[in-house]
Participant: 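I am attaching a structure below and will ask some questions about it afterwards.
Just so you know, residue 1 is the first one in the sequence shown, and it goes up from there. Owing to the predicted nature of the structure, the values given are computational and were not obtained by experimental measurement.
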Amino acid sequence: MSEELLINISPMESRVAVLDNGILGEIYIERHHKLGLVGNIYLGTVVRVLPGMQAAFVDIGQSRTAFLHVNDMQREPRPAPKSNKVEKLGDERSIIEATADDLAITPPVVSTQNTEVIPVTKTLIQHRLHESQRILVQVTKDQLGSKGARLTTNISLPSRYLVYLPSSEHIGISQRIDGEEERTRLKTELTSLMQTVNLKGGLIARTAAERVPVDKLEEDIYYLLQLWRTICARRQEMKPNQSSELIYQELSLPLRSIRDLVHAGTEKVIVDNAQIYEQIRYFAKEFVPFVYDRIVHYTAEQSLFDVHRVEDDLRDALKRRVDLKSGGYLIIDQTEAMTTIDVNTGSFVGGRSLEDTVYKTNLEATHAIARQLRLRNLGGIIILDFIDMLEQQHKDDILESLQSQLLQDYAKTKITQVSELGLIEMTRKRTRESLGQQLCEPCSTCQGRGFVKTAETVCFEIFREIMRCARTYNSPKKFTVVAHAAVIDLLLTSESDTVADLEYLLGRVITFDVENLYTQEQYDIVLD
């Protein structure tokens with residue numbers, strides 16, 4: 001599978017598109033006035049400790065206080081049993097999950113999964129933190145909606161090949177590195193290098209470290225060591241009267257994409273901004289030399305994203321309906337609690353039997369679902385409503401196909417078996433806003449419901465409101481209804497008999513006035 005990175009820079013935002021065989025697979029957007037916090041390290045101040053939740057709120061200088069749970073804090077490990085087993089750690093595109101405490105930082109940084117964790121002794125958070133205390137924390141999740149950022153005290157610093165864990169003591173190898181021989185080599189060489197440079201802490205070898213010579217690993221270790229020393233020095237320099245300070249800021253999106261997204265299968269990195277192009281070339285020469293000659297400066301007049309149909313795919317990714325090539329389609333609904341994806345046959349009628357038609361539609365849907373999860377960055381609980389299948393073999397094939405497609409996903413996923421109703425429950429790790437949350441806001445007319453009251457319903461509400469006003473106020477001689485044109489039109493036509501009856505019943509005149517700025521649900525009753 002060939003892959004290209006398109007880097008689009010404008011005065012307002014930076015965007016990075018990942019194309020898999022010419023098809024948009026992932027999109028990352030960073031708005032310059034609203035930079036993401038994930039990966040940033042702060043010296044924050046504890047604002048409030050909540051023993052009942054075993055958590056604390058920490059001021060890191062943002063609009064909302066950030067959230068720190070006791071499970072995301074460093075803890076003293078018990079002595080580990082001796083074992084020759086090499087830890088299996090996943091490496092995707094977010095910063096690490098080096099422990100069972102879910103130490104994760106979103107794409108495009110580094111990630112680790114399925115770690116064998118040494119048991120630790122739990123400590124109550126009220127015994128560890130108090131109000132006004134200063135602590136060094138790292139952001140693992142950006143602000144999502146009304147929720148503040150998520151923090152950890154388990155600091156992790158990524159480089160091209162490694163992730164440095166100052167508070168850990170183990171060496172992990174990316175789960176995506178196959179071959180026991182290569183895994184053993186990396187662990188042996190990293191152990192030796194840590195002793196040579198007297199590096200305290202732990203390391204994780206990322207997927208990019210596979211078959212990388214020891215001198216390159218050594219360069220990464222020295223870089224991470226110097227970075228950590230700089231962070232420690234800046235921490236000591238913080239003024240006593242400051243409540244919070246940014247100690248370390250994660251790289252900008254274009255540079256992060258070079259560090260974390262490029263790999264041996266990346267054929268091109270196309271950049272449409274001369275200044276960023278030079279920055280990327282300099283960064284690549286120092287840290288990712290193999291991709292240096294693949295970096296291309298795009299200078300044509302037509303937009304880079306338009307040439308590769310990225311803008312069209314982005315518009316489609318915000319739609320509720322996703323059409324399949326066969327004629328079937330998906331309906332994707334995202335709510336606060338979960339996301340539901342419904343599979344429908346649509347115009348696809350198949351050829352042999354209903355079961356065959358359903359099976360082929362579901363099979364095609366597994367590919368589309370996996371792509372939409374990545375493209376839209378959907379996370380949390382996800383319910384997949386496949387069309388009911390009768391044969392168990394077909395159900396097994398659908399589950400296997402879905403699992404196979406999700407192997408390409410950077411985010412950690414967990415899937416259940418197909419239920420009797422054709423449902424599959426799954427979870428996908430959520431560390432940042434979805435594409436829809438990032439680019440859209442609730443509709444001002446329907447307030448995010450996705451529908452509005454009919455004109456008839458609003459007419460009946462107006463009738464009830466007029467009757468209420470007539471009972472409450474005795475002085476008005478006339479009622480003037482101010483409403484949307486569609487509502488007024490209905491009142492003067494289909495509901496004109498009701499209006500006449502109401503005038504007779506109340507003994508008062510009812511007049512109407514169109515307000516084009518009102519939505520269909522808005523109206524006012526003016527008493528004259």
Participant: Can you find a pair of side-chain heavy atoms, one from I398 and one from T366, that are under 4.5 Å apart?
Facilitator: yes

Participant: Could you give the distance from OG (S257) to CD1 (I7), rounded to the nearest 0.5 Å?
Facilitator: 4.0 Å

Participant: So, D220 and R206, do they make that salt bridge, N to O below 4.0 Å?
Facilitator: no

Participant: For A17, give me all partners under side-chain contact (heavy atoms from CB on, under 4.5 Å), at least two apart in sequence or on another chain.
Facilitator: L6, L24, I27, F305, V310

Participant: State, with a plain yes or no, whether a side-chain heavy atom of L399 is found less than 4.5 Å away from one of Q417.
Facilitator: yes

Participant: Could you report the tightest heavy-atom contact between G61 and S244, atom names first, then the distance?
Facilitator: N-OG, 3.2 Å

Participant: Give the table of side-chain donor-acceptor pairs shorter than 3.5 Å for residues 268-279, with sequence neighbours excluded, one pair per line with atom names and distance.
Facilitator:
unit_1: D272; atom_1: OD1; unit_2: I9; atom_2: N; d: 3.0
unit_1: D272; atom_1: OD2; unit_2: N8; atom_2: ND2; d: 2.6
unit_1: N273; atom_1: OD1; unit_2: Q275; atom_2: N; d: 3.0
unit_1: N273; atom_1: OD1; unit_2: I276; atom_2: N; d: 2.9
unit_1: Y277; atom_1: OH; unit_2: R281; atom_2: NH1; d: 3.2

Participant: Taking CG in L318 as the centre, count heavy atoms belonging to other residues, nucleotides or ligands within less than 6.0 Å. Is the count above 12?
Facilitator: yes

Participant: Residues in side-chain contact (heavy atoms from CB on, under 4.5 Å) with N40, at least two apart?
Facilitator: L37, Y42, L246, Q249, E250

Participant: When you compare the side chain of D385 with that of V343, does any pair of heavy atoms fall below 4.5 Å?
Facilitator: no

Participant: Give a yes or no answer on whether the side chain of T152 reaches the backbone of D72 with a donor-acceptor pair at less than 3.5 Å.
Facilitator: yes

Participant: Kindly write out the residues that satisfy salt bridge (charged side-chain N to carboxylate O under 4.0 Å, His left out) with E131, not counting sequence neighbours, or none if the list is empty.
Facilitator: none

Participant: R234: which residues meet the side chain to side chain donor-acceptor pair (under 3.5 Å) condition with it, sequence neighbours left out?
Facilitator: none

Participant: How would you list, by chain and number, every residue that makes a side-chain contact (heavy atoms from CB on, under 4.5 Å) with E182, sequence neighbours excluded?
Facilitator: I177, R185, L186, E210, R211

Participant: Using the test salt bridge (charged side-chain N to carboxylate O under 4.0 Å, His left out), find all partners of E425 that sit at least two apart in sequence or belong to another chain.
Facilitator: none

Participant: Could you report the tightest heavy-atom contact between A365 and L330, atom names first, then the distance?
Facilitator: CB-CD2, 3.9 Å

Participant: Is there a side-chain contact (heavy atoms from CB on, under 4.5 Å) between V262 and R160 once you walk through the steps?
Facilitator: CA-CA 10 Å; V262 299; R160 172 59 187 169; 3.7 Å; yes

Participant: Drop me the distance from I382's CD1 to I341's CD1, to the nearest 0.5 angstrom.
Facilitator: 6.0 Å

Participant: For S192, give me all partners under side-chain contact (heavy atoms from CB on, under 4.5 Å), at least two apart in sequence or on another chain.
Facilitator: T196

Participant: Can you give me the closest heavy-atom contact between G379 and T339, atom names plus distance?
Facilitator: O-OG1, 4.5 Å

Participant: Can you confirm whether F290 is buried at CZ, in the sense that more than 12 heavy atoms of other residues, nucleotides or ligands lie under 6.0 Å from that atom?
Facilitator: yes

Participant: Would you sort out whether L162 and L217 count as a side-chain contact (heavy atoms from CB on, under 4.5 Å), showing the intermediate values?
Facilitator: CA-CA 8 Å; L162 305 171; L217 298 177; 4.2 Å; yes

Participant: The criterion is salt bridge (charged side-chain N to carboxylate O under 4.0 Å, His left out); which residues satisfy it with E30, sequence neighbours excluded?
Facilitator: R256

Participant: Rounded at 0.5 Å granularity, tell me how far OG in S419 sits from CZ in F386.
Facilitator: 11.0 Å

Participant: Can a donor-acceptor pair be found, under 3.5 Å and without considering hydrogens, that links the side chain of Q138 to the backbone of G39?
Facilitator: yes

Participant: Can you name the nearest heavy-atom pair linking S174 to T207, along with the distance?
Facilitator: OG-OG1, 2.9 Å

Participant: Side-chain polar contacts of residues 438-448 - donor-acceptor pairs under 3.5 angstrom, sequence neighbours left out - could you list them?
Facilitator:
unit_1: Q438; atom_1: NE2; unit_2: I29; atom_2: O; d: 2.8
unit_1: Q447; atom_1: NE2; unit_2: S444; atom_2: O; d: 2.8

Participant: Would you check if the side chain of S434 reaches a backbone N or O of L378 as a donor-acceptor pair within less than 3.5 Å?
Facilitator: no

Participant: Taking side chain as C-beta onward, heavy atoms only, is L406 less than 4.5 Å from M426?
Facilitator: yes

Participant: Which distance, rounded to the nearest 0.5 Å, do you find between the CD1 of I258 and the CG of L253?
Facilitator: 10.0 Å

Participant: E13: which residues meet the side chain to side chain donor-acceptor pair (under 3.5 Å) condition with it, sequence neighbours left out?
Facilitator: R31

Participant: Can you check side-chain contact (heavy atoms from CB on, under 4.5 Å) on K147 and K141, steps first, answer last?
Facilitator: CA-CA 10 Å; K147 299 178 181 177; K141 291 184 182 180; over 6 Å; no

Participant: Please tell me if the side chains of L203 and I221 come closer than 4.5 Å, counting only heavy atoms from C-beta onward.
Facilitator: yes

Participant: Find out whether the Lys NZ or Arg CZ of R321 is both under 6.0 angstrom from the six-membered ring centre of Y329 and within 45° of the ring's axis.
Facilitator: yes

Participant: How far does NE2 of H69 sit from CD of Q54, to the nearest 0.5 angstrom?
Facilitator: 6.5 Å

Participant: With a 3.5 Å distance limit and no angle check, can you tell me whether R183 reaches the backbone of G172 through a side-chain donor-acceptor pair?
Facilitator: no

Participant: Side chain of R428, backbone of T413: donor and acceptor closer than 3.5 Å?
Facilitator: no

Participant: If you apply the rule salt bridge (Lys or Arg N to Asp or Glu O under 4.0 Å), what do you find for R15 with E311, and how did you get there?
Facilitator: CA-CA 11 Å; R15 300 186 295 175; E311 298 290 3; 2.7 Å; yes

Participant: Would you check if I41 and R235 make a side-chain contact, meaning some heavy-atom pair closer than 4.5 Å?
Facilitator: no

Participant: Distance-only, no hydrogens or angles: does the Q226 side chain make a donor-acceptor pair with backbone N or O of Y223 under 3.5 Å?
Facilitator: no

Participant: Can you name the salt bridge (charged side-chain N to carboxylate O under 4.0 Å, His left out) partners of R309, sequence neighbours left out?
Facilitator: D312, D313

Participant: Decide yes or no on side-chain contact (heavy atoms from CB on, under 4.5 Å) for L157 and W228, but give the supporting numbers first.
Facilitator: CA-CA 8 Å; L157 300 174; W228 178 239; 3.9 Å; yes

Participant: Please name the pair of heavy atoms, one in G25 and one in D20, separated by the smallest distance, quoted to 0.1 Å.
Facilitator: CA-OD2, 4.1 Å

Participant: Would you say the side chain of M73 lies within less than 4.5 Å of the side chain of I125, judging by non-hydrogen atoms?
Facilitator: yes

Participant: How close do R294 and A264 get, heavy atom to heavy atom, and via which atoms?
Facilitator: NH1-O, 3.3 Å

Participant: Between atom CD of Q143 and atom CZ of F67, what is the distance when rounded to the nearest 0.5 Å?
Facilitator: 14.0 Å

Participant: Does any non-hydrogen side-chain atom of L435 lie less than 4.5 Å from one of L314?
Facilitator: yes

